[in-house]
Amino acid sequence: MKSKSKILIIAGSDSSGGAGIQADIKTVTALGSYAMTAITAITSQNTTGVKSIVPIPPKEIINQIIFSSSDICPDAIKIGMLHSSKVIEVVIQSLDKIKIKKIVLDPVMVAKGGTKLINDKAVNLLKNKLIKRVTLITPNIPEAEILTKTKIKSNKDMIFAASKLIDYGAKNVLIKGGHLKSKIVQDVFVSKSEIKIFKNHRFKTKNTHGTGCTLSSAITTFLSCGKPIKKSCELGIKYVNSGIKTNPNYGKGHGPINHLNTIIVDKKFR
C-alpha cells in the first residue's frame with residue numbers, strides 16, 4: 001500500500017501512547033498516509049494522569065521542522081502542544097520558511113483535570129499571530145473559552161465563540177462539543193461563509209484519552225488528500241467516533257481509543 005500523502009506533526013509526546021505524537025502517528029498511518037514529527041515536549045503519563053513534562057529546546061524544535069521538511073516536503077501540517085511563547089515563535093518562523101498551505105491547529109491549553117497548560121503570554125501570541133497562519137483551528141470548549149474570553153453553555157455560545165475566532169483572523173473553526181453535558185454531542189464548524197453542526201450520539205465510556213489529538217490529525221490527513229475542509233471535519237469526526245466505540249479498554253483511568261478501527265489486515269499477513 002502506497003501512502004496517500006505526507007503529514008508533519010508538531011506536538012508533544014505521550015508515553016502511554018493514547019494522545020500526543022503517538023496518537024497522531026497512529027491516526028495518520030491508519031488512514032493511509034505518512035507521518036513525520038517535530039516533538040515539542042516529552043511527557044511521562046498514563047491513563048490516570050501526567051507525572052512529568054520535559055520541554056524540548058525551541059532551537060531543536062525548529063531544527064526538526066526545517067530539516068525534515070527540506071528533505072520530505074509535507075502535504076499538510078498538524079500542530080498540537082505548544083507549551084510556551086518561545087515555542088510558538090519558532091513554529092511561526094518555521095511555517096514562514098517552509099510555506100505549507102494546509103495547516104490544522106489543535107490548541108492544547110487545558111489538561112483533562114482542568115489545569116491550564118500554557119500562560120497568558122503564549123495564549124495571546126497564539127491568538128494574535130498563529131491562528132492567522134492556519135487553515136483550521138480545533139479548540140474544545142475550555143480552550144475556546146480561554147481564547148475568546150467567553151462562557152460557553154450551548155451550541156449558540158459555541159457559534160458565537162467560533163465567530164469571534166474568525167474575527168481574530170482564523171479561516172475556519174471547529175469547536176468540539178464534548179464538554180457540554182448532553183446525550184447528543186454537537187461539534188460546531190464555522191467559516192466566513194457558513195455554519196455546520198455535526199451531531200452524534202455520546203458513547204458511555206471513560207476511554208476517550210487523546211480524542212482531540214486524534215481528531216485534528218484525522219482532519220489533517222483527509223485535508224492533505226484533497227478533501228474540502230468541511231468534509232475533512234465530518235470524516236475526522238466519524239473516525240474518532242468509531243475509535244471511541246471500539247476502544248480496547250486499557251488502563252485504570254481514561255483509556256485510549258482504537259486508532260486501528262480503519263485497518264483490515266490482508267489474509268497473507270494473518
Side-chain angles (χ1 to χ4, degrees), residues 1 4 7 9 11 14-33 35 45-49 78 80 104 106 108 110-113 136 138-144 152 155 158 174-189 196-225 227-267 269-270:
M1 179 180 177
K4 299 172 185 174
I7 314 293
I9 305 151
D14 169 11
S15 61
S16 74
I21 285 281
Q22 286 84 344
D24 299 326
I25 294 171
K26 291 172 188 176
T27 300
V28 171
T29 304
L31 292 173
S33 291
Q45 62 178 292
N46 60 25
T47 63
T48 65
K78 176 262 169 78
V104 175
D106 180 22
V108 181
V110 183
K112 268 215 183 312
L136 173 73
T138 63
N140 59 28
I141 284 173
E143 290 157 353
I152 298 175
N155 62 5
M158 292 168 73
L174 179 70
I175 297 184
K176 299 167 287 190
H179 283 79
L180 292 183
K181 293 181 180 179
S182 60
K183 290 182 179 179
I184 301 295
V185 177
Q186 299 185 55
D187 301 309
V188 174
F189 172 82
K196 169 70 176 178
I197 299 176
F198 300 103
K199 297 181 180 181
N200 292 278
H201 288 282
R202 185 186 298 275
F203 298 108
K204 289 185 178 180
T205 176
K206 63 177 183 176
N207 299 306
T208 56
H209 181 54
T211 50
C213 305
T214 300
L215 176 60
S216 53
S217 287
I219 293 170
T220 307
T221 306
F222 288 117
L223 188 64
S224 73
C225 295
K227 298 288 185 187
I229 187 66
K230 187 172 72 173
K231 187 65 176 179
S232 296
C233 291
E234 178 188 341
L235 293 171
I237 291 167
K238 284 183 178 180
Y239 171 75
V240 170
N241 284 339
S242 294
I244 294 171
K245 191 175 181 180
T246 62
N247 74 81
N249 196 26
Y250 293 154
K252 298 172 184 176
H254 291 283
I257 68 172
N258 174 23
H259 295 94
L260 300 180
N261 71 82
T262 59
I263 296 292
I264 299 173
V265 180
D266 192 275
K267 285 182 180 178
F269 292 111
R270 288 180 181 170

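Note that these values count all heavy atoms, side chains included, but never hydrogens, waters or copies made by symmetry.
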Point-to-point distance, once rounded to the nearest 0.5 Å, from [atom1] of [X] to [atom2] of [Y]:
X: Leu223; Y: Leu235; atom1: CG; atom2: CG; answer: 11.0 Å
X: Ile9; Y: Ser216; atom1: CD1; atom2: OG; answer: 9.5 Å
X: Tyr239; Y: Leu31; atom1: OH; atom2: CG; answer: 5.0 Å
X: Ile7; Y: Ser33; atom1: CD1; atom2: OG; answer: 5.0 Å
X: Glu143; Y: Asn140; atom1: CD; atom2: CG; answer: 3.5 Å
X: Asn249; Y: Thr205; atom1: CG; atom2: OG1; answer: 7.0 Å

Check whether the side chains of [X] and [Y] place a donor and an acceptor atom closer than 3.5 Å, and report yes or no.
X: His259; Y: Thr214; answer: yes
X: Asn200; Y: Asn241; answer: yes
X: Thr48; Y: Lys252; answer: no

Look at the side chain of [X] and the backbone N and O of [Y], then say whether any donor-acceptor pair between them is shorter than 3.5 Å.
X: Lys176; Y: Thr138; value: yes
X: Thr220; Y: Val104; value: no
X: His254; Y: Lys206; value: yes
X: Ser15; Y: Gln45; value: yes
X: Asn258; Y: Asn247; value: no
X: Lys78; Y: Cys213; value: yes
X: Thr47; Y: Gly253; value: yes

*Identify, with sequence neighbours excluded, every residue that meets salt bridge (charged side-chain N to carboxylate O under 4.0 Å, His left out) alongside Lys196.*
none
*Under the salt bridge (charged side-chain N to carboxylate O under 4.0 Å, His left out) rule, collect the residues that match up with Lys26, sequence neighbours excluded.*
none
*Go through the steps to decide whether Ile244 and Asn207 satisfy the test side chain to side chain contact (heavy atoms under 4.5 Å, CB included), and finish with yes or no.*
CA-CA 7 Å; Ile244 294 171; Asn207 299 306; over 6 Å; no
Please give me the minimum heavy-atom distance between [X] and [Y], naming the atom from each residue.
X: Gly80; Y: Val108; answer: C-CG2, 4.0 Å
X: Tyr250; Y: Pro256; answer: O-CD, 3.9 Å
X: Asn155; Y: Leu180; answer: N-CD1, 4.4 Å

Would you call [X] and [Y] a side-chain contact if the rule is heavy atoms closer than 4.5 Å?
X: Val185; Y: Lys199; value: no
X: Ser242; Y: Thr262; value: no
X: Ile175; Y: Phe189; value: no
X: Thr211; Y: Ile257; value: yes
X: Arg202; Y: Ser182; value: yes

*asked:* Quick test of your reading of the model: are Glu234 and Lys230 salt-bridged, counting only N-O distances below 4.0 Å?
replied: no
*asked:* For a side chain to side chain contact (heavy atoms under 4.5 Å, CB included) check, start with the C-alpha distance between Asp187 and Leu215, then their side-chain angles and the critical distance, and finish with the verdict.
replied: CA-CA 11 Å; Asp187 301 309; Leu215 176 60; 5.7 Å; no
*Can you list the steps and then say if Asp14 with Ser16 is a side chain to side chain contact (heavy atoms under 4.5 Å, CB included)?*
CA-CA 5 Å; Asp14 169 11; Ser16 74; 2.8 Å; yes
*Could you walk me through whether Val188 and Leu174 pass the side chain to side chain contact (heavy atoms under 4.5 Å, CB included) check?*
CA-CA 5 Å; Val188 174; Leu174 179 70; 6.0 Å; no
